[in-house]
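Worksheet: one structure, shown below.
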Amino acid sequence: MIAIKIDISDQATPVIRAIGRAVRPDSLNPIVGRSAVNTFREHLFGVDRARPNALGGSRTHFYAAAARGTHFDVLPDGVMLSVNQVGIRQRVVGGTITPKKAKYLTIPARAEAHGKRASEFNDLVVVFGAGGRPVALARASQSLIGHKRDKVTGHVTGATKRGSAGGEILFWLRKSVTQQADPSVVPYMELVAQRIGRDVEQHINRAVMRARTAAAEGNS
Amino acid sequence: MIFPEPLPFKEAIESRAVRQILPTDFRTKLLAEIAPELRERAMFSAGVTNTEFLQDASDKIDELLAGTTDRATKRAELKQLLDRLGYRPVEGEEGSLTDLSSDNRLNLILDTNLQMAQGYGSWKQGQQPEILDQWPAQELIRVIDAEKPRPWAKRWSDAGGKFPGGRMIALKNDPIWTRISRFGLPYPPFDFNSGMDVQDVDREEAMALELIDRDTVIAPQSRDFNAALQATPEVRDAALKEALIMQVGTFAKFVVGVLRYFGAAA
């Protein structure tokens, strides 16, 4: 057997050195992280524009907030992307939610309840269903009373019922809610990987071209 | 792979950590007289002199930043705090932006501060040399539709911005970003309740738009938070107060820890 051993460590061309520098983790990780963040932000802002609240009313812009809360962190073994928005994981993977502190979950029933807590309304009453089970929170009913006046003296002589207000159900009460997974709220991993690949390629190509230019200038 | 807990947004947390509670009776217009570098180091809200409210709001913004709670929960808690503090809006101003207990005002406080921290965090990450090299420019884009959109193209143009490819794009460290900001800061939000944000533009596209060549290196910028972060909160507080008095001392002074307005503003 003929063995050939060639030491190329000191013979590496500037281009190879540049590639080596470009693919070092401290150089590559920020590119990978930012690329993924950009893809997530773009997608989440798009989802926000495409999906208004199902109940209507003023929007909370949940997905835009998720886009703004997206960032990356470089860890010892790679890059981690994080979407800091409570509820985003639940939307992606779905599952059953149960109340943590209260007895019931409050599910908005009308547009005016969307994005609000029941405690923000000061006129809610519990609506009981069959068997005395609490089923909803509704605005307290009020009777609107008008005054009956004497036509001559103008003095109040009695009262008349002029109608009623309230009674609308604002929140449904539930012991638990099961949501379907919706992976489409975040970009497909194939797209994220494709964008990362494109950005890393640009980063390496630029390093190569710069090294070639520098080498050519050095030789001239 | 999806993990149950979000990671801390370290750069955004930095921008929260340097902020000192600043009770003040300054209204929005007067607050704009304070240098952006000082405002960036203070947690305040127009006309709010109650330290407990500001501290509580600040803590809640930190929780929102961590992604462990939602705005409605925090807003409801702030309303409960205001109730306990005996807060009452001025008669006739209930529900308006001057009513501290209104949804609009509380949302504004939570959203603006949260978005400032996130905007700074994203900006700071974008200042890493490798990222700045790959994405040296950014575009001002609308991400949330507005009923009455502000004329951003005019603001951009008035601030000296160009429209390469018909878009509002500039290098990340171009002074245009500070000029279009109501808050004088280079990162979003650029105004109250703004639906505008920024999107990275990579070098290839920036080269095609003739904003930069292949080899120009852009020097990263910094907001100089490091010294402040190393100091104790007491030292930071004293430094902020001293700097504020240096700047607005001709028409304002601290009275029992509250920055109060006296006389005509500059």
Side-chain angles (χ1 to χ4, degrees), chain A residues 22 26-31 33-35 37-38 41-42 44-46 48-49 58-62 64-75 80-89 92-93 114-120 122 186 189 198-200 202-203 205-207 209-210 213-214, chain B residues 1-12 63-77 79-80 83 103-104 106-107 111 114-115 117-119 121-122 124-126 128-135 141-145 188-189 195 197-200 202-204 214-215:
Chain A
D26 60 337
S27 177
L28 211 52
N29 284 340
I31 304 290
R34 187 70 171 200
S35 176
V37 167
N38 286 343
R41 275 173 58 95
E42 191 183 322
L44 287 165
F45 278 131
D48 189 78
R49 296 188 94 156
S58 63
R59 296 196 55 182
T60 57
H61 293 291
F62 175 87
R68 288 173 169 141
T70 304
H71 64 104
F72 75 91
D73 205 351
V74 175
L75 305 177
M80 184 82 79
L81 179 128
S82 183
V83 181
N84 290 19
Q85 170 75 354
V86 73
I88 189 74
R89 181 178 181 276
V92 177
V93 300
H114 183 82
K116 298 193 84 168
R117 292 280 159 268
S119 66
E120 293 184 274
N122 55 13
V186 292
M189 288 309 117
R198 180 198 65 189
D199 292 331
V200 165
Q202 282 183 15
H203 166 72
N205 284 345
R206 204 165 45 250
M209 286 189 283
R210 285 173 181 169
T213 305
Chain B
M1 190 180 291
I2 294 173
F3 294 89
E5 295 299 324
L7 292 173
F9 195 167
K10 286 186 289 195
E11 293 83 357
E63 290 176 56
L64 289 168
L65 187 58
T68 55
T69 187
D70 65 279
R71 186 182 69 176
T73 303
K74 296 297 112 179
R75 187 183 60 229
E77 288 173 6
K79 285 180 181 176
Q80 285 162 10
D83 261 357
D103 283 2
N104 285 344
L106 290 171
N107 285 346
D111 288 349
L114 174 64
Q115 287 170 23
Q118 292 167 331
S122 183
K124 179 82 189 290
Q125 287 200 330
Q128 292 180 44
E130 297 79 13
I131 295 177
L132 211 45
D133 192 58
Q134 174 77 16
W135 293 278
I141 55 164
R142 177 162 290 286
V143 293
I144 292 176
D145 292 326
D197 213 297
V198 291
Q199 180 172 276
D200 277 354
D202 68 32
R203 188 173 285 259
E204 286 197 0
R214 190 193 69 195
D215 299 333

### Max heavy-atom pair count under 4.5 Å with chain B, selected residue of A:Arg59, A:Glu120, A:Gln85
A:Glu120
### Query
Which region of A:Ser27, side chain (C-beta onward) or backbone (N, CA, C, O), has a non-hydrogen atom less than 4.5 Å from a non-hydrogen atom of chain B, or is it both or neither?
both
### Task
Please state whether the side chain, the backbone, both or neither of B:Gln199 comes within less than 4.5 Å of a heavy atom of chain A.
side chain
### Message
Which atoms of B:Asp70 are under 4.5 Å from chain A, going by heavy atoms: the side chain, the backbone, both sets, or neither?
### Response
both
## Note on the structure
CD (B:Gln80) and CZ (A:Arg117) are apart, to the nearest 0.5 Å, by 11.5 Å
### Query
Can you say whether B:Thr73 sits under 4.5 Å from chain A via the side chain, the backbone, both, or neither, judging by heavy atoms?
both
#### Entry: Proximity breakdown for B:Leu114 and chain A, heavy-atom pairs closer than 4.5 Å
neither
### Residue B:Gln128 versus chain A: region with a heavy atom under 4.5 Å
side chain
### Message
Show the nearest heavy-atom pair for residues A:Asn84 and B:Pro6, with the distance to one decimal.
### Response
OD1-CB, 3.2 Å
## Note on the structure
What one should report as the nearest heavy-atom pair of A:Gly115 and B:Ala72 is O-CB, 3.3 Å
### Task
Could you tell me whether B:Asp202 and A:Arg206 have a side-chain N and a carboxylate O separated by less than 4.0 Å?
no
### Query
Is there a side-chain contact (heavy atoms from CB on, under 4.5 Å) between B:Ile144 and A:Asp48 once you walk through the steps?
CA-CA 8 Å; B:Ile144 292 176; A:Asp48 189 78; 4.1 Å; yes
#### Entry: Heavy-atom contact with chain A under 4.5 Å, split by part of B:Ala66
backbone
### Query
Is there a donor-acceptor pair under 3.5 Å between the side chain of A:Asp73 and the backbone N or O of B:Phe9?
no
### Message
Report which part of B:Pro129 has an atom under 4.5 Å of a heavy atom belonging to chain A: side chain, backbone, both, or neither.
### Response
neither
### Task
Measure distances from B:Asp103 to the heavy atoms of chain A and classify the residue's part below 4.5 Å as side chain, backbone, both or neither.
side chain
### Task
Below 4.5 Å from any heavy atom of chain B, which atoms of A:Met209 appear? Answer side chain, backbone, both or neither.
both
#### Entry: Part of A:Ser35 lying under 4.5 Å from any heavy atom of chain B
both
### Message
For A:Asp26, which atoms come within 4.5 Å of any heavy atom of chain B: side chain, backbone, both, or neither?
### Response
backbone
### Task
Determine the minimum heavy-atom distance between A:His71 and B:Leu7, stating which atoms define it.
NE2-O, 3.0 Å
### Query
Is chain A contacted by the side chain of B:Thr68, its backbone, both, or neither, given a heavy-atom distance below 4.5 Å?
backbone
### Query
If you count heavy-atom pairs under 4.5 Å between each of B:Asn107, B:Asp145, B:Asp133 and chain A, which one has the most?
B:Asp133
## Note on the structure
Scored by heavy-atom pairs under 4.5 Å with chain B, the best of A:Arg41, A:Lys116, A:Arg49, A:Arg68 is A:Arg68
### Task
Verify side-chain hydrogen bond (donor to acceptor under 3.5 Å, both in side chains) between B:Arg214 and A:Thr213, making sure each step is shown before the conclusion.
CA-CA 11 Å; B:Arg214 190 193 69 195; A:Thr213 305; 2.7 Å; yes
### Query
At their closest point, which heavy atom of B:Gln118 faces which heavy atom of A:Gly69, and how far apart are they?
NE2-CA, 3.5 Å
### Among the listed options A:His61, A:His203, A:Glu42, the residue most often paired with chain B at heavy-atom distances under 4.5 Å
A:His61
### Task
Mind listing the closest non-hydrogen atom pair of B:Gln125 and A:Phe72 along with its distance?
NE2-O, 2.7 Å
### Query
Within the side chain of A:Gln202, is there an N or O that forms a donor-acceptor pair under 3.5 Å with the backbone of B:Gln134?
no
